[in-house]
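Treat the numbers as computed from the prediction; the structure is a model and nothing was measured.
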Protein chains: 2
Amino acid sequence: MSTPLPGQSVRGSKTGKPIMALLDLLGRTWSLGIIWNLSNQVLTFRELQSLCDGISPTLLNTRLKELRVTNIIEKTGKGYALTAIGEKLLLLIYPMGDWATMWRDHLIALKGSSNDG
Amino acid sequence: MSTPLPGQSVRGSKTGKPIMALLDLLGRTWSLGIIWNLSNQVLTFRELQSLCDGISPTLLNTRLKELRVTNIIEKTGKGYALTAIGEKLLLLIYPMGDWATMWRDHLIALKGSSNDG
DNA sequence: CAATGTCGCTACATATTTTGTAGCAAAGAG
DNA sequence: CTCTTTGCTACAAAATATGTAGCGACATTG
């Protein structure tokens, strides 16, 4: 699978629209998890592997390459880190943590009402 | 693959943290694309399939079920639509369109400078 | 009622992706 | 040199996605 880049035809859209390339990239297994784990910390290959619940090194390396050529993460002397633009993307992902908490409560409420009703 | 739910152990995390369930859910092929295409419009199964570049009906139905049991989308008389909470999630995804445009320009600039330097 | 078309969705074989495990070369510590 | 850690590759097995065919329900036309 080739790395999705804005301006090119990607899985899910042939328009070349940047958002479609991003959706393809982030929609790949573990992409979001890797970015999330890289928030505020530089991690080595093995640390990242461990935090991503033992993702296979094969796939981790594949994703790392994709995220590097798309300039979302970079390799530093200490390990992998988000780039400046990657940090900005993370700022957009962060609020999802709050949404997810609300979502959990919502699902619990629905479950409760379906049991009651 | 079971549907990731907040409060449960999911692919990528055994903590049950809501964000991890969300990352697992959205990280699956086509999830983000389906949600994106459902912005401001109710779509039939086949319309959705067409907009998602011919996604196989098998997988589309699998994703649709996952998104329905997690209450992000719902089936209406007219077709599939985002739920109220699904709309809120979309509001968080929207800004990624702008980010992606900036990202494209950034990548073009990098490419240019690497050619020059 | 019969013929035609659309729609939601299932079946299933094939293709692609992900996992899991093993392990190697390089770098640092003693 | 030995021991340990690290980044990463190999590769077979398992899981997931694709592509195509097509069924039953329903609406339209006549």
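- For the side chain to side chain contact (heavy atoms under 4.5 Å, CB included) test, residues two or more places apart in sequence or in another chain that qualify with Ser56(B) are Thr58(B), Leu59(B).
- For the atom pair CG (Leu43(B)) and CG (Leu48(B)), the distance works out to 5.5 Å, reported to the nearest 0.5 Å.
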Side-chain atoms of residues 91-102 of chain B: list all donor-acceptor pairs with protein atoms under 3.5 Å, sequence neighbours left out, distances to 0.1 Å.
| residue | atom | partner | partner atom | Å |
| --- | --- | --- | --- | --- |
| Tyr94(B) | OH | Asn40(B) | ND2 | 3.1 |
| Trp99(B) | NE1 | Ile85(A) | O | 3.2 |
| Thr101(B) | OG1 | Gly97(B) | O | 3.1 |

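- Applying the side chain to side chain donor-acceptor pair (under 3.5 Å) test to every pair with at least one member in residues 73-86 of chain A, sequence neighbours left out, gives no pairs at all.
- Residues Phe45(B) and Pro57(B) come closest through the heavy atom pair CZ-O, 3.7 Å.
- Counting only residues at least two apart or on different chains, the salt bridge (Lys or Arg N to Asp or Glu O under 4.0 Å) pairs with a member in residues 64-73 of chain A are Arg28(A)-Glu66(A), Arg63(A)-Glu66(A).
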Quick test: give all pairs of protein nitrogen or oxygen and nucleotides 25-27 of chain C nitrogen or oxygen below 3.5 Å, distance rounded to 0.1 Å.
none

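- Here CG of Leu38(A) is found 8.5 Å from CD1 of Ile35(A). Values are rounded to the nearest 0.5 Å.
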Checklist entry - If the sugar-phosphate is the primed atoms plus P, OP1 and OP2 and the base is the rest, what is the B/S/- string for nucleotides 8-19 of chain C, using protein heavy atoms under 4.0 Å? => result BBBBB----SSB

